[in-house]
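Have a look at the structure below, then the notes.
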Amino acid sequence: MDAPVNDLLDFLRFPSISTDPAHASDVANCATWVSKKLESIGLDSQIHPTGGHPIVVAKNKHRTGRPTVLIYGHYDVQPVDPVELWTSPPFDPQIANGIVTARGATDNKGQILAHILGVAGQIADNGDLPVNLIFLIEGEEEIGSSHLEDFLQQNAESLRCDVVAVSDTGMVAPNLPTLSYALRGIATLQIEITGPAVDLHSGVYGGTVANPITVLARILSTLHDQQGRVAVEGFYDDVVEIEQWERDAWRKLPIGEKEIRELTGVPELSGEQGYTALERTWARPTAELNGIGGGYQGEGSKTVIPSRAFAKLSFRLVPKQDPARVLEKVEAHLRSVCPSSVRMTLTGGHSGAPFLCDPNGRWGKAAQRALRKTFGGTEPVLIREGGSIPIITMLRDLLNADVLLLGLALPDCRAHSPNENFPLENFHAGIRLNRMLLEEIGSEGAVR
Ligand SMILES: [Zn+2]
């Protein structure tokens, strides 16, 4: 077996589950392994303790006249439950048909190690890199990166860079190089409707007091209009319209309505009229109900007017919507449609701003050239993603740098699920991609 694959297997054997205190020493040992690896390839590496799991930072010798690239990744992984659904133990990596199966194989050990080994190859061949490089590899990505923001703020000067590269997103299809340039943001809200002080007998009081579930259902039904648009006044005010080149490019991708229908198992897709399924999930905002409750939930029937009902709402946001502003508008809408026969309580939850980076800017173009060369001349596809990765906006804002999302994960990688896997083909492509990327960015010359 070749040396890079052996390194990958070693890395995957650490049960670095960040959420589980029982694995704290495994997480720490994994950080030590990463740092030693970075030292061994010729970088200056340090393990920085935080209030939680450590952050590993490594650099080459920085020289003026070269751009500075920060490569972000994480060495922590998700828990493995339900472990009985794994075909092999999650921390005993197995290779079959060129695919390695283990927790962390794709997310994110395989991807970040590919970057590390790409750098190793370049240093071994040339004695140096074409850029000033910073590796920032944390151990809390899977639990919300709670100590990263402080770390970035406290070390802003030593982490100063021109561009950030992250391989933690997906490829549209195998061998189809993919540059993601936008992510949706998110805002969450819980709504609670309270009527009578306690559940009431529906025979004695039915027809006299408002039923919180009925009221809630009516309120929630006002969130969308018949065309599938969010019917909150001003909701779309700051939305950046999809550009024509994006619509043209996405129509050519090998995923569309049929594939999404098959993946989801729904009889028919649904959503805002006037947009394709990809446009709706990547570049249009939504209002979703994630949970609803109230009243009697047990066997048989119970004739009550419940005291309360609640629902959990979330909104996926697109450039340039602001989560706080959107929530203000939503709250104003909900209050305007709530009758005076009940009380309404609104509680905001977590939120994150949307992300957009120009894929045809200086660094985006360099990334496209690197992707093309890595994948034998295949033209990279430029996509947005519907999900939200708050650390990406954090990196952009606190480091004041563009962020390139060069994903190597395949749609069936099973990240966070049993039997997570990563094709060695993608691992080796990642190693090549790192070399191409640093060369292309280096060829752009110094910025500051
Ligand atoms: Zn993850």
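Start at 1 and go down the list; that is how both ligands and their atoms are numbered.
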### Summary
Of all the N, O or S atoms in E142, the one nearest to the Zn ion (ligand 1) is OE2

## Note on the structure
Among N, O or S atoms, D107 approaches the Zn ion (ligand 1) most closely through OD2

### Query
Which single N/O/S atom of H416 lies at minimum distance from the Zn ion (ligand 1)?
NE2

### Query
Are K37 and D10 close enough for a salt bridge, meaning some N to O gap below 4.0 Å?
no

### Task
Using the six-membered ring wherever Trp is involved, compare the ring planes of W33 and F11 and label them parallel, tilted or perpendicular (cut-offs 30° and 60°).
parallel

### Message
Is the terminal nitrogen or CZ of R229 (NZ for Lys, CZ for Arg) located under 6.0 angstrom from the six-membered ring centre of Y236 and within 45° of that ring's axis?
### Response
yes

### Task
Establish, yes or no, whether a centroid distance under 6.0 Å links the rings of W363 and Y181.
no

